[in-house]
Amino acid sequence: ETNALVHRRREIPPKSMFALAEQVYREHFSDGDGYLLATFELVFLTGWAPSGNQPRSLRPGSAKRRLSDALGVEELGIPDTDNPRTR
């Protein structure tokens, strides 16, 4: 597979294309009251492959500084769901 966007049209579609699309939809998908009946299914796919020169993740717990210190915010602990006092 390749990136489908590479070969896409780069110009804005003309208004006539939308008028033609509406005409086709009205002929095939309208009800008796003039409403267009249509459903759409959107599918988003993404892929990624690591590169040989990409930095590797550090070992968990090996950080030299806390994220809360770097952001200058107070660190909030995770509430203990078994302890009703910390919910």
Side-chain angles (χ1 to χ4, degrees):
E1 293 294 326
T2 60
N3 188 344
L5 297 177
V6 170
H7 300 291
R8 76 184 192 283
R9 290 181 161 206
R10 302 240 179 228
E11 63 271 359
I12 297 172
K15 288 182 182 181
S16 61
M17 183 195 80
F18 296 102
L20 179 60
E22 180 186 6
Q23 177 187 342
V24 170
Y25 264 84
R26 287 203 183 279
E27 289 173 7
H28 297 283
F29 304 108
S30 64
D31 66 2
D33 296 326
Y35 288 100
L36 295 178
L37 306 174
T39 59
F40 300 90
E41 184 173 324
L42 301 176
V43 178
F44 297 91
L45 301 173
T46 184
W48 173 81
S51 172
N53 63 352
Q54 180 176 348
R56 299 283 177 222
S57 299
L58 297 176
R59 193 178 85 257
S62 65
K64 301 208 180 352
R65 235 180 124 191
R66 300 179 82 69
L67 180 58
S68 58
D69 294 339
L71 296 175
V73 297
E74 179 184 352
E75 182 174 350
L76 302 175
I78 299 173
D80 182 359
T81 56
D82 293 333
N83 184 347
R85 291 182 293 152
T86 61
R87 284 189 198 156

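- In the hydrophobic clustering of this structure, Val73 does not group with Leu76; members are Ile, Leu, Val, Met, Phe, Trp, Tyr whose side-chain heavy atoms approach within less than 4.5 Å, directly or through other members.
- The line from CG of Leu71 to CZ of Arg65 is 9.0 Å long, rounded to the nearest 0.5 Å.
- The 12-atom threshold is not exceeded at CZ of Arg66, counting heavy atoms of other residues, nucleotides or ligands nearer than 6.0 Å.
- Residue Leu37 qualifies as enclosed at atom CG: its count of foreign heavy atoms under 6.0 Å is above 12.
- Distance CE/Met17 to CD/Glu22: 12.5 Å, rounded to 0.5 Å.
- The backbone N or O of Tyr35 lies less than 3.5 Å from no partner atom in the side chain of Asp33, so there is not a single donor-acceptor pair.
- When atom types are taken as modelled, the side chain of Arg26 and the backbone of Leu36 share no donor-acceptor pair closer than 3.5 angstrom.
- For the atom pair CG of Asp69 and CD of Glu75, the computed distance is 8.0 Å after rounding to the nearest 0.5 Å.
- We find the CZ-OG distance between Arg59 and Ser57 to be 13.0 Å, quoted to the nearest 0.5 Å.
- In the displayed structure, Glu11 atom CD is contacted under 6.0 Å by more than 12 heavy atoms of other residues, nucleotides or ligands.
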